[in-house]
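Below: the structure, in structure tokens.
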Amino acid sequence: MDFFTPDQIALLSASTVRCDFLVKFEFASSTMRAWNGNTELVVDGDTYLPMFGFGQIDGLGMSGGTVSEAVTLSLSGLPGQALDLLSVALDDTPEVDQQMLTIFLQLFTEEWQPAGTPIPIFRGFMQPPSVSRSAMQGTEGATQSISLTAENIYYGRSRPAYGRNTDRDQQARSPGDKFFGFVASLISKTITYPDY
């Protein structure tokens, strides 16, 4: 099975490529989808709510290193706060914290109709959101922004889940096991082996 369909390859090979990011937020109690367009977008039966160009994604890109990257999504000054994403994210941090987020690349035809299925380009765990407010700009007023960081699914994978050879770690792996329960008493102790 090919990753791209022939239609998508043709669109990617054109002199003008029309695309946008689609974002899927898998909150604890519900899943919400958003994109930066001006109308609702239906792709593969899923409806993506509009952010009217006020959404921004920072940190996407190719990394040549071995460090797990994080992506920051921010939304500033959405007219009328029509997207319920803000209230969901801010009302209940457990709704957001460590829940999955997926960013897709969606290709469009010349008529701005979705072409093919969305292409996943990032998947990560959402962190608690933060809210900021800009300084007043004359008669314009201030702009309130919400930022959400998502850590790549490989974040922290280089560290073993446990491995400090302590009773606490052993209890997390095997509750009731006493194998490391006496490690502290063995410090500076001489052990003769074999002992006849």
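Note that this is a predicted model, so its numbers are computed, not measured.
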Please set out all donor-acceptor pairs under 3.5 angstrom arising from side-chain atoms of residues 115-126, sequence neighbours excluded.
from, atom 1, to, atom 2, distance (Å)
Arg123, NH1, Glu26, OE2, 3.1
Arg123, NH1, Thr102, OG1, 2.5

Within a strict 4.5 Å, meaning less than it, do heavy atoms of the Phe180 and Arg173 side chains meet? yes
Reference residue Pro129; test side-chain contact (heavy atoms from CB on, under 4.5 Å); the match among Asp97, Ile146, Thr149: Ile146
Whether the side chain of Asp44 engages the backbone of Asp46 through a donor-acceptor N/O pair (distance < 3.5 Å, no angle test) should be reported. no
Note, Thr39 side chain near Pro50 side chain (heavy atom, < 4.5 Å): no
Could you tell me which residues satisfy side chain to side chain contact (heavy atoms under 4.5 Å, CB included) with Ala28, sequence neighbours excluded, listed by chain and number? Glu95, Gln99
Should side-chain heavy atoms under 4.5 Å link Ile, Leu, Val, Met, Phe, Trp and Tyr, which residues sit in the same cluster as Tyr48? Leu22, Trp35, Leu41, Val43, Phe104, Phe108, Trp112
Using only atom types and a distance under 3.5 Å, with no angle test, would you say the side chain of Asn36 pairs donor to acceptor with the backbone of Gly55? yes
How many angstroms lie between atom CG of Leu107 and atom CD of Gln113, to the nearest 0.5 angstrom? 13.5 Å
Going by heavy atoms in the side chains, are Arg33 and Thr31 under 4.5 Å from each other? yes
Report yes if the side chains of Val17 and Leu12 come closer than 4.5 Å at any heavy-atom pair, otherwise no. yes
Tell me every residue that passes side chain to side chain contact (heavy atoms under 4.5 Å, CB included) with Thr47, counting only those two or more places apart in sequence or in another chain. Glu40, Val42
Holding to side chain to side chain contact (heavy atoms under 4.5 Å, CB included), I want the full list of residues that pass it with Glu110, two or more places apart in sequence or in another chain. Arg18
Can you check whether Phe52 and Phe54 have ring centres sitting under 6.0 Å from each other? no
Got a second to check how far Met32's CE is from Lys24's NZ, nearest 0.5 Å? 13.5 Å
Taken to the nearest 0.5 Å, the spacing of Ser147 OG from Gln56 CD works out to 8.5 Å
Among all residues two or more places apart in sequence or in another chain, which pass the side chain to side chain contact (heavy atoms under 4.5 Å, CB included) test with Ile57? Phe21, Val23, Leu60, Val71, Leu73, Ile103
